[in-house]
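Reading through the structure tokens given below for one structure.
Just so you know, ligand 1 is whichever comes first in the structure, and atom 1 is the first atom listed for that ligand. Since the structure is predicted, the reported quantities are computational estimates derived from the model, not experimental observations.
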Amino acid sequence: TPDGKTRVLILMSDTGGGHRASAEALKAGFEELYGPKYQVNILDVWTHHTPYPFNQMPKTYSFMVKYSFLWRAAFSLTQPRLVHVPTATATAAFVGQRISEAFDLYQPDLVVSVHPLMQHVPLRIMRLRIKNGMQPPTNFATVVTDLTSCHNTWFHPGVDRCYVATEESRRQALGIGLVPDQLRMFGLPIRPAFGRNFASKKKLRKSLGMVADKPAILLVGGGEGMGPVEKTVDGVAKQIGAGCQLVVICGRNAKLVEKLQNKKYPPGMHVVVKGFVTNMPEVMSASDVIITKAGPGTISEALICGLPMVLNAFVPCQEEGNIPYVTENKVGVFEKDPQKTAQIIQSWLGERSVEFQEMAARAKALGKPNALFDICRDLHTLSPSGAITLAFGPVVRAPAQQKQHRA
Ligand code: UDP
């Protein structure tokens, strides 16, 4: 490129908070590892580069996941390749022109998708562009941001690389026709700040308005403050009360913040209520245990911080598999009932404290703080500048590239 930078284009969409979080983590990872050598752009393709009604996709998603039967139907009906491949082909016919314009605008040297609906359509358009001489051959990689039970559209046999976080996803990818050479398993890309060493728990707690000496329960409902947050607060207040401090993160749910801030709590119970926080690494490091919906991002972050967890809600389909992932690895439990959740945590902090410590150690061991940098280093080898470094000569295509024209 004229400015000497290698351009990476990350394709994402704001369905839930996790895809953007992963995209931003990758951007930060490239910055830390390679500095100004790379220019990373994050693009919400559906919202900004497709015509109506395709640009309504994130809104449609927010609506549908609230009605689990609707979401389950949409998820399972589109699982077979026989359904989603022709759908993608038809979609590409409608949105092709606009997406092609986006490629012209960003002129990527490497394209990275962090969204299940960003393989089939962009790959098809990119291939046509390459065939028609509109862009040079460009590598395309998928970073799967779900932990388990992924939608099949995450996996396209024509990608140059596909990064999965768990063995289950790896097997799913192989079942769809990807070959072991295309796959890398490092873990979910989590913001670099989670891999750093923090100040002591005591100092962190002070800076976050927490008290030093009480066990800290963290309650999170994903980026949107979903799940039975208020009922869980009530359960903990009734069951544990002054025996703990509670940090509630309500995400973008402003109404919930107000409600919980104005609530009466038992004397001696310390409660901190916050909306969307940008310092989740500190908040988690200052806590002892987490209650959360089964979001892949939050689970992976909690593991890195060594927090045993109670999963109390999940988005149907793509988050369901995260429950056995947590329970089978013995780093937490699934409990929907707020009262029982409070009882479980009370026992962890009391008579089952040895078991609790063991869970914390297992969580820490399962967490993958280096996954982000492992992914970025591998992506680097797929980009023209990585290829130059590796080959010490003119740009060579990464070996996986040959497969791009196969499917
Ligand atoms: N998050 C955050 N601040 C908040 C609430 C959530 O930074 O106040 C982050 C959280 O750390 C995680 C992401 O938002 O990285 C949520 O992703 P997850 O996959 O857990 O759930 P989603 O919101 O995508 O359903």
Say whether Lys274 and ligand 1 are in contact under the criterion: heavy-atom distance to a ligand atom below 4.0 Å.
-> no
With heavy atoms of Lys293 as the reference, note each atom of ligand 1 found under 4.0 Å away.
-> 21 (O), 22 (P), 25 (O)
So, is Gly18 polar-close to ligand 1, with some N/O to N/O distance under 3.5 Å?
-> yes
Arg72 bridged to Glu320 by N-O distance under 4.0 Å | yes
Ligand-residue contact atoms, ligand 1 with Ile249, heavy atoms, under 4.0 Å | 4 (C), 8 (O)
Check each atom of ligand 1 against the heavy atoms of Arg191 and keep those under 4.0 Å away; list them by number with element.
-> 7 (O), 9 (C), 10 (C), 11 (O), 15 (O)
May I ask you to check whether Val315 has an N/O atom sitting below 3.5 Å from an N/O atom of ligand 1?
-> no
Asn152 and Gln172 side chains, donor-acceptor separation under 3.5 Å = yes
Which ligand 1 atoms are under 4.0 Å away from a heavy-atom of Gly295?
-> 18 (P), 19 (O), 20 (O), 21 (O)
Any salt bridge between Arg184 and Asp378, counting N to O under 4.0 Å?
-> yes
Which ligand 1 atoms are under 4.0 Å away from a heavy-atom of Gly275?
-> 8 (O)
Can you tell which part of Glu301 has a heavy atom less than 4.0 Å from ligand 1: side chain, backbone, both or neither?
-> side chain
Whether Cys250 lies under 4.0 Å from ligand 1, heavy atom = no
Under 4.0 Å between a Lys/Arg side-chain N and an Asp/Glu carboxylate O for Glu301 and Lys368?
-> no
Donor-acceptor pair, side chain of Gln119 and main chain of His115, under 3.5 angstrom | yes
Under 4.0 Å from a heavy atom of Glu319: give me the atoms of ligand 1 that qualify, with their elements.
-> 25 (O)
Hey, are Asp109 and Lys37 close enough for a salt bridge, meaning a charged N less than 4.0 Å from a carboxylate O?
-> no
Check: Phe75 main-chain N/O paired with Thr78 side-chain donor or acceptor under 3.5 Å = yes
Test: Arg170 and Glu167 ion pair at under 4.0 Å = yes
Check: Gly29 main-chain N/O paired with Glu32 side-chain donor or acceptor under 3.5 Å = no
Has ligand 1 got any nitrogen or oxygen that is less than 3.5 angstrom from a nitrogen or oxygen of Gly297?
-> yes
May I ask you to list the atoms of ligand 1 that are less than 4.0 angstrom from any heavy atom of Met280?
-> 1 (N), 2 (C), 3 (N), 4 (C), 5 (C), 6 (C), 11 (O)
